Structure formats: C-alpha cells, structure tokens
Amino acid sequence: FTIQRVGVKSIFEVMNESGYSCSLFYSSFFDYTGFRQFLKHRGLAEMWDADTMPGTRKTDRVAWGLREEETLDAMRARIRSYATNGGKFFLTYIPAAPHYPYDSIPERFKKHKIGEVGNYEPMYLNELLYMDWIVASILDELKLTGLLDRTLVVITADHGEMLGGNDGAVGHGWKVTPELANVPLIIMDPGQPGFRVNERVGSQVDLLPTVLDRVGIQMPAGLYQGTSMYD
C-alpha cells in the first residue's frame, strides 16, 4: 500500500497547513516498508528513524531497530525545544518494541516469566510494561515543560498480536480476530478533563477527523471515509 500515492491530504499535510510543526519519530526503519517515500512531501518537517535518530547511541540495536529509550531521549529534546520556541506542534511517535521477537527490554520490566514453549504472552506483557513507562515518560516531559495542559495526546495502535496461545498462531496480517482488530484509543484532552468511556466503535480512518475536530480544524475536501468519534 505504500507504493501507491493516495490522492488526499494526510493528517501531517493538514496540520502543517494550519501552522503546526510536524515531526515523526519511528524506532524502526522507514525503508523497511517503503514509508520514507510514502511520507515524502507530506508536510513533515522532520522524519527520524533507527538510521537517523538524533543523539549518541547508548544501547545496542534490537531486531526492529532502536531501543525505545533512544527514541524517547530524542523526543524529550524535541519537546523541550517546542516549549522553548513556542508555536504549535504535531509530534508522532511509532515504537517498534511490541513486536516479535520481543528482544532486549530492560530487566526491570521482565515481570512475567516465560512458561510453555511457543506461548509469547509473557514476553508481550513485559513489552507493554516497557511501553507504559515510555509513554508515561513522554507525558512527564510534557508536564515538566508546561505543555501538557495545552496539548492533545492521542494513544492508539495499528493492530493487536497473535501470541501463540490457543491455536499456535503468531503475528498478524492474515485474519481478523478480536485480539488483532480491537485496539485502544485513549485521548487526553485538556479541554475535557476527567475520565469517560466512549462506547462507539471506530477505526483508524476516524483518527484524522477526530483529531481535527478537537483542535478546531475544518476537514479538507476529498475522499475521507472517517468521521469524528465525538460526533
């Protein structure tokens, strides 16, 4: 799908045209799935991946690219510069950690012990503990820099994962099951404090209109299938 250029504006283009500085931090490799070419000329001022991530490497590489601490350090530095320079920003983070072979996470997150052969659930749960710490660290940086109270934070995923449990299947991409199709959507909105659950079923196509709705940007013309989750 990354080979074909879709003739509608991406969320990066829309945000860029509305005065937002757009940056993307990816712990894997843009060239692995053709993302570098796919995202070219799409309104991103900065694109960083495992090959180009700013900063000096402090850890060894892992199967998918960089340890998430490396990407976290680069994002912390960028958040601090956003806070110092002012202006609107749209920072996107795509981790690589919660993918097989689930290698080289810090020891302190290895709470679930490996049991039966072929069942990767304990390793995946450890990865999620690791990612919880990474996400919390990003939020901490936003809070320390005074940005959290005026920043919309959206946490979601592209898919779940088969972990080799019941039927032995591992990975994703060849069938639709609840553990693959049901992903979280968490929106931290300083304009709507408090906790509530939205029972509406949505999809990734709804992300662009939902984000634009919350930051007050009109949907661009073109073929868009999604609608705001707040409608």
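No experiment lies behind these values; they were computed from the predicted model shown.
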- Rounding to 0.5 Å, atoms CG (Asp149) and NZ (Lys143) come to a distance of 8.5 Å

- Query: Shared ILVMFWY cluster between Val215 and Leu207, side chains joined below 4.5 angstrom?
  - Reply: yes

- Would you indicate whether Asn85, at its atom CG, is surrounded by more than 12 heavy atoms from other residues, nucleotides or ligands within a distance under 6.0 Å? yes

- Query: Is the backbone N or O of Asp189 less than 3.5 Å from a side-chain atom of Arg214, with the two atoms forming a donor-acceptor pair by type?
  - Reply: no

- Can you tell if the side chain of Trp133 reaches within under 4.5 Å of the side chain of Arg108, non-hydrogen atoms only? yes

- Message: Within the structure provided, determine whether Cys22 and Met15 are in side-chain contact (heavy-atom separation under 4.5 Å).
- Response: yes

- Kindly compute the distance separating CZ (Arg42) from CD1 (Ile11), expressed to the nearest 0.5 Å. 12.5 Å

- Query: By salt bridge (charged side-chain N to carboxylate O under 4.0 Å, His left out), which residues pair with Glu70, not counting sequence neighbours?
  - Reply: Arg57

- Message: For the CD1 atom of Ile79 and the OG1 atom of Thr84, what is their distance to the nearest 0.5 Å?
- Response: 12.0 Å

- What pair of heavy atoms forms the shortest contact from Asn126 to Lys111, and how long is it? OD1-N, 3.0 Å

- Message: What's the separation between atom CG in Asp103 and atom CZ in Arg67, rounded to the nearest 0.5 Å?
- Response: 9.0 Å

- Message: Using the ring-ring contact (aromatic ring centres under 6.0 Å, His included) criterion, which residues pair with Tyr130? Sequence neighbours excluded.
- Response: Phe109

Identify each donor-acceptor pair in which a side-chain atom of residues 89-97 lies under 3.5 Å from a protein atom, sequence neighbours left out, and give them as a table.
| unit_1 | atom_1 | unit_2 | atom_2 | d |
| --- | --- | --- | --- | --- |
| Tyr93 | OH | Glu68 | OE1 | 2.6 |

- Message: Give me the atom names and distance for the closest heavy-atom approach of Pro220 to Val14.
- Response: CG-CG2, 3.7 Å

- Query: How about Ile187 and Leu185: do any of their side-chain heavy atoms sit closer than 4.5 Å?
  - Reply: yes

- Task: To the nearest 0.5 angstrom, please state how far the CD atom of Glu121 sits from the CG atom of Leu163.
- Result: 6.5 Å

- Item | Shared hydrophobic cluster, Met123 / Ile134 (ILVMFWY, side-chain heavy atoms < 4.5 Å) | no

- Item | Trp48 vs Tyr26 side-chain heavy atoms within contact, under 4.5 Å | no

Atom pairs and distances, side-chain donor-acceptor, residues 221-231, under 3.5 Å, sequence neighbours left out:
| unit_1 | atom_1 | unit_2 | atom_2 | d |
| --- | --- | --- | --- | --- |
| Tyr224 | OH | Lys9 | N | 3.0 |
| Tyr224 | OH | Lys9 | O | 2.8 |
| Thr227 | OG1 | Arg200 | NH2 | 2.6 |
| Ser228 | OG | Asp213 | OD2 | 2.6 |
| Ser228 | OG | Tyr230 | N | 3.1 |

- Task: Keeping the roles fixed (side chain from Glu141, backbone from Met75), state whether a donor-acceptor pair exists under 3.5 Å.
- Result: no

- Message: Tell me whether Met188 shares a hydrophobic cluster with Met131, the cluster being built from Ile, Leu, Val, Met, Phe, Trp, Tyr side chains joined at under 4.5 Å.
- Response: yes

- Query: Hey, any chance Val154 and Leu24 share a hydrophobic cluster, counting ILVMFWY side chains that come within less than 4.5 Å of each other, even indirectly?
  - Reply: yes

- About how many Å separate CG of Leu66 and OG1 of Thr52, when rounded to the nearest 0.5 Å? 9.0 Å

- Item | Geometric class of the His99/His172 ring pair [parallel <30°, tilted 30-60°, perpendicular >60°] | perpendicular

- Message: Could you tell me if the side chain of Leu148 sits less than 4.5 Å from the side chain of Val153, heavy atoms only?
- Response: yes

- Query: So, the side chain of Asn16 versus the backbone of Phe12: is there a donor-acceptor pair under 3.5 Å, distance only?
  - Reply: no

- Would you find more than 12 non-hydrogen atoms of other residues, nucleotides or ligands less than 6.0 Å from Tyr124 atom OH? yes

- Would you mind reporting whether Trp174 and Leu180 have side-chain heavy atoms less than 4.5 Å apart? no

- Message: When you measure from the side chain of Lys88 to the backbone of Ser18, do you find a donor-acceptor pair of N or O atoms at a distance under 3.5 Å?
- Response: yes

- Heavy-atom side-chain contact between Arg76 and Ser137 under 4.5 Å: yes

- Message: If I compare all heavy atoms of Val176 with all of Ala181, which pair ends up nearest, and what's the gap?
- Response: CG1-CB, 4.0 Å

- Residue pair Leu125 / His112: nearest heavy atoms and the distance that separates them: CB-CD2, 3.5 Å

- Message: Tell me if the CD1 atom of Ile155 is crowded by more than 12 foreign heavy atoms within 6.0 Å.
- Response: yes

- Ile186, Ile138: one ILVMFWY side-chain cluster at the under-4.5 Å cut-off? yes

- Task: Looking only at non-hydrogen atoms, find the nearest pair between Met219 and Leu212 and report the distance.
- Result: SD-CD1, 3.8 Å

- Heavy-atom donor-acceptor pair, Glu13 side chain to Ser10 backbone, under 3.5 Å: yes

- Task: Answer with yes or no whether the side chains of Tyr82 and Ser23 bring together a donor and an acceptor at under 3.5 Å.
- Result: yes

- Qualifying residues under salt bridge (charged side-chain N to carboxylate O under 4.0 Å, His left out), relative to Arg78, sequence neighbours excluded: Glu46

- Item | For Thr71 against Ser27, the heavy-atom pair lying closest together | OG1-OG, 2.7 Å

- Query: Does Tyr102 reach the side chain of Glu161, with side-chain heavy atoms less than 4.5 Å apart?
  - Reply: yes

- Query: Does Trp64 use its side chain to pair, donor to acceptor, with the backbone of Phe29 at less than 3.5 Å?
  - Reply: no

- Would you please name every residue forming a salt bridge (charged side-chain N to carboxylate O under 4.0 Å, His left out) with Arg36, sequence neighbours left out? Asp31, Asp49

- Salt-bridge criterion met for Lys58 and Asp73 (N-O under 4.0 Å): yes

